[in-house]
Amino acid sequence: MRKILQRKFYNRSTLKVAKELLGKYLVVHKNGEKLSGKIVETEAYIGLNDPASHAHRGMTERNKVMFGNPGYAYVYLTYGMYHCLNFVTERNGYPAAVLIRALEPEQGIETMKQRRKTEIMEELTNGPGKLCLAMGIDRALYGADLCSEAIYVEDRGESIGKIVSTNRIGVEKGKEKKWRFYIKESGFVSRK
DNA sequence: TATTGGATCGCC
DNA sequence: GCGATCCAATAG
C-alpha cells in the first residue's frame, strides 16, 4: 500500500500530524530527479502562544504561509545560510507547522552526497539544514502545495516502533514543551 | 536607522 | 566554542 497524504491529513492537530509523519516518505522532484527519504524526526510549532514559533508575534511577510491553508510548505532561511522545511497544519487562520528535522535517505543518494560534500550516509540528512541542502530545497518551494508533483509525502504503511518525545532543539523560549518527536531506533536522528 | 538574536552547521 | 551571514523584531 502506497498512498500520498492529502490535505485533510494536515488539517488536524499539529501534534498528531508531527507524530504521524514519522515513518512516512518525503518525495521531492527537482531538475528531473526524484529524491526521497523516510521522515525520522519532526518538531511542532503551534499557534500564537508558542514563543518559539515564528508566528508568535503575528503575521509577517516571511511567516504568512503558516496562517493559510494546511498542506503547504513553509521554507525559510535560518542563520543566513541554511533552509528549513516545514509543513503547514491546522485550519486556515491558525498558524501552525511541523518542522522536518531529519530523514533516512532513500532515493537520489549520489546527488545528496555531492550536495553535502560527504560520503557518510548518516550525515546526509540528519538535521533540518542538512536535509534541505541534500534534497535541494530552498525558498523556491516557499508556499509549495504538498499535494503536488514537486513535493509530497507517501504513506507506505510501515510500522515504526517506538516514538521518543523531547524538548525542541535550539529553542530557548518555550523549551519546556516536549514537541520534538523521533523514531527511537533510527540512526539518522539529528541528536539523541 | 542600528543592534541583536535566532527552529544551523562545520570547523577550530 | 565560534564564525558565517540573512531576516525581522526591538530599541533609539
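Throughout, a chain's letter reflects where its sequence line sits, starting with A, and its residues are numbered from 1.
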Look for any protein N or O under 3.5 Å of an N or O in nucleotides 2-5 of chain B and output each such pair with its distance, or none.
none

Both A/Arg139 and A/Tyr82 contact DNA chain C. Taking the nearest nucleotide for each, which residue is further toward the 5' end? A/Tyr82

On DNA chain B, more 5' by nearest nucleotide between A/Glu172 and A/Pro128 is A/Glu172

Answer yes if A/Leu22 and A/Tyr45 sit in the same cluster of Ile, Leu, Val, Met, Phe, Trp and Tyr residues linked by side chain heavy atoms under 4.5 Å apart, and no otherwise. no

Touch class at under 4.0 angstrom, heavy-atom based, for A/Leu77 against every strand present: sugar-phosphate

Checking base pairs now: Watson-Crick or wobble, both atom distances under 3.5 Å. What partners B/dG6? C/dC6

Nucleotide B/dC9, atom P - distance to CZ of A/Arg101 in whole Å: 7 Å

Atom-pair distance (CG on A/Asp138; C1' on B/dT8), nearest Å: 16 Å

Among A/Asn167, A/Thr166, A/Asp50, A/Thr42, find the residue that satisfies the side-chain contact (heavy atoms from CB on, under 4.5 Å) test when tested with A/Trp179. A/Asp50

Atom NZ of A/Lys3: over 12 foreign heavy atoms under 6.0 Å: no

Could you tell me whether A/Glu106 and A/Lys38 have a side-chain N and a carboxylate O separated by less than 4.0 Å? no

Take the protein atom CD of A/Glu41 and the nucleotide atom P of B/dA7, then report the distance between them rounded to whole Å. 16 Å

Find out whether the Lys NZ or Arg CZ of A/Arg2 is both under 6.0 angstrom from the six-membered ring centre of A/Tyr25 and within 45° of the ring's axis. no

Using OP1 and OP2 only, check whether a side-chain N or O of A/His54 sits under 4.0 Å from C/dA8. no

Return yes when atom NZ of A/Lys192 has more than 12 non-hydrogen atoms of other residues, nucleotides or ligands closer than 6.0 Å, and no otherwise. yes

Round to a whole Å and report the spacing from CG of A/Asn126 to P of B/dT8. 13 Å

Scan A/Arg116 against the nucleic acid and name what it touches under 4.0 Å (heavy atoms): base, sugar-phosphate only, or nothing. sugar-phosphate

Describe the nucleic acid contact of A/Gly129 in one word from base, sugar-phosphate, nothing, applying a heavy-atom distance below 4.0 Å. sugar-phosphate

Atom CD1 of A/Ile120 and atom P of B/dC11 are separated, to the nearest Å, by 11 Å

Does A/Glu41 pair with A/Arg180 as a salt bridge, N-O distance under 4.0 Å? yes

Rounding to a whole Å, what distance do you find between A/Tyr79:OH and B/dG10:P? 14 Å

Quick one: A/Leu124 CG to B/dG10 P, roughly how many Å, whole number? 11 Å

Rounded to the Å, how far apart are A/Lys64 NZ and C/dC7 P? 14 Å

What I want to check is whether an N or O donor and acceptor connect the side chain of A/Tyr76 with the base of B/dA7 at under 3.5 Å. yes

For DNA chain B, whose closest nucleotide is more 5', that of A/Glu123 or that of A/Gly170? A/Gly170

Closer than 4.0 angstrom, basic N to acidic O: yes or no for A/Lys64 and A/Glu61? yes

Can A/Tyr45 be called stacked on B/dA7 when the rule is centres closer than 5.5 Å and an angle between planes below 30°? yes

OP1 or OP2 of C/dC6 sitting under 4.0 Å from any side-chain N/O of A/Arg62? no

